Amino acid sequence: MTKIWVNSGDSHVMEPDDLWTEALPPRLADRAPRSERGEKYEVLYIDGERIDRQLNDFMDAMRPPGSRDLDVRLKDLDQEGVWGQLAFPSMGFWLVSITERELARETVKAWNNWAHTDILSKNKRVITPACVSTANIEDAVAEVERVAELGFQSVFLPCSTRPGEEYALDRWEPLWTAAERAGLVLGFHIGTGGENVVFRGPGGAIVNYMETTYPGMRVISHMVAGGALDRHPDLKILIAEGGAGWVPAIGDRMDEAYRQHGMFVRPKLSRLPSEIIRQQVYASFQHDKSSVEIVESTGYRNVMWGDDYPHLEGTYGHTQSTLRELFDGVPDDIRERVTRGTFNELFRLPEQTPQE
Ligand SMILES: CC(C)(COP(=O)(O)O)[C@@H](O)C(=O)NCCC(=O)NCCSC(=O)[C@]1(C)CCC[C@@]2(C)[C@@H]3[C@@H]4C[C@@H]5C[C@]3(C[C@]5(C)O4)[C@H](O)C[C@@H]21
Ligand SMILES: [Mn+2]
């Protein structure tokens, strides 16, 4: 049976444990994110703060052979039919929790230098976003300009922000300007920037899974209603791993707010929220049938498949069967759009995806 070749808009690199100890002086490296295996949980330390993270068995469960080895990863990808990946950070996700300016700036720079040297410069199929400081916008702008020169095509940002730092606020404007000017896609990955376990009780595993999806919606409402995307029409944002079926629906609801509460709306927008979403907002999913169905039923086309490799929520080991279930009976142009076209609209891979 011929393979359906796809690009993945949501994958992950697993950083070496000594990334920051190798790159930074001890006075900074000792405060960089590090994880230790506790009795039951992986224990995370960030700038001296201890955070009990994931259940050990949860973390152990997600380990395809190539998680930490690029050459083996490419073999995994050939086996699964994935040509290219936009591979988000793993430990690098926690850099967004650092609020001290120098530590944030230096740990981010070290992460980007590692990704450039060990991933981007060593292969033609896996690219990573760059990290930026969320502690100081000036530093974030400087890093955007630096990584654009190095060939990065996107920037990772957390879906949740600290109170008073919401994305609709003006504080972020220099970063939007720099990212648009550099042509970098803003990649907001779900489950970052806030607590991922907010409910302990019946249904906790599913409730918390949903609780990490909602901040992805909030990113869109802030970036659209706050005017950032209207002011920067060439800026594109990707909500990674949150599914895509709900995107047109929130566009409708924001249009309704824009019209029915027009007397309260500020800033006024040059386009309806749903138009801005259709032109500048992208979303990735792994298994959701609804993410494919809404392309044909609503005409929202910025839907991108993702393998979430090497995470448990991803498709490693069952990618081709997932793709056949998703695209059986789906018109070719929609399958092509979701499996490769949307990715290729946002990112340039040195070597193009093989045709089926
Ligand atoms: C949720 C509980 C504690 C409920 O327990 P109880 O029934 O009350 O005893 C239990 O079921 C559990 O620990 N489950 C493990 C999975 C989990 O932590 N779920 C949280 C919500 S889902 C999530 O946070 C995603 C978005 C999706 C799963 C992978 C995820 C945790 C990843 C994983 C772990 C870590 C966090 C990270 C990036 C990272 C490097 O990879 C994202 O920031 C976030 C992400
Ligand atoms: Mn992911």
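Just so it is clear, the values below take in all heavy atoms, side chains as well, and ignore hydrogens, waters and symmetry mates. Here the structure is a predicted model, which means the values were calculated and not measured. Counting convention: from 1, in listed order, for ligands and their atoms alike.
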The Mn ion (ligand 2) to E313: any N/O/S contact under 2.8 Å?
-> no
Do you see an N/O/S atom of H311, backbone or side chain, under 2.8 Å from the Mn ion (ligand 2)?
-> no
Is any NZ, NE, NH1 or NH2 atom of the basic residue among E149 and R146 found under 4.0 Å from an Asp or Glu carboxylate oxygen of the other?
-> no
Proximity of H189 to ligand 1 by residue part, where a heavy atom lies under 4.0 Å | neither
Of the side chain and backbone of N208, name the one, both, or neither that has a heavy atom under 4.0 Å from an atom of ligand 1.
-> both
N/O separation below 3.5 Å, G191 to ligand 1 | yes
Any chance the side chains of R337 and T342 put a donor and an acceptor closer than 3.5 Å?
-> yes
Kindly state whether the ring of Y309 and the ring of H12 have centres lying under 6.0 angstrom apart.
-> no
No-hydrogen, no-angle side-chain donor-acceptor test under 3.5 Å, R231 and T177 = no
Are D139 and R101 ion-paired here, with the side-chain N under 4.0 Å from a carboxylate O?
-> yes
Would you kindly specify which portion of T212 sits under 4.0 Å from ligand 1, judged on non-hydrogen atoms: side chain, backbone, both or neither?
-> side chain
Using the Mn ion (ligand 2) as the apex, give the angle to atoms OD1 (D10) and NE2 (H12), rounded to 10 degrees.
-> 100°
Per residue E241, nearest N, O or S atom to the Mn ion (ligand 2) is named OE1
Between Y167 and F188, ring centroids under 6.0 Å = yes
Is the W83 ring parallel, tilted or perpendicular to the W5 ring (thresholds 30°, 60°)?
-> perpendicular
Do any N/O atoms on E313 end up under 3.5 angstrom from N/O atoms on ligand 1?
-> no
Return yes if a side-chain donor-acceptor contact under 3.5 Å exists between Q85 and D307, otherwise no.
-> yes
Calculate, to the nearest 0.5 Å, the distance between atoms CG and CG belonging to D10 and L238 respectively.
-> 7.5 Å
Ligand-residue contact atoms, ligand 1 with A205, heavy atoms, under 4.0 Å = 11 (O)
Counting heavy atoms under 4.0 Å, the part of W94 that contacts ligand 1 is side chain
For the Mn ion (ligand 2), the nearest N/O/S atom on D308 is atom OD1
Atoms in ligand 1 with a heavy atom of H311 nearer than 4.0 Å | 41 (O)
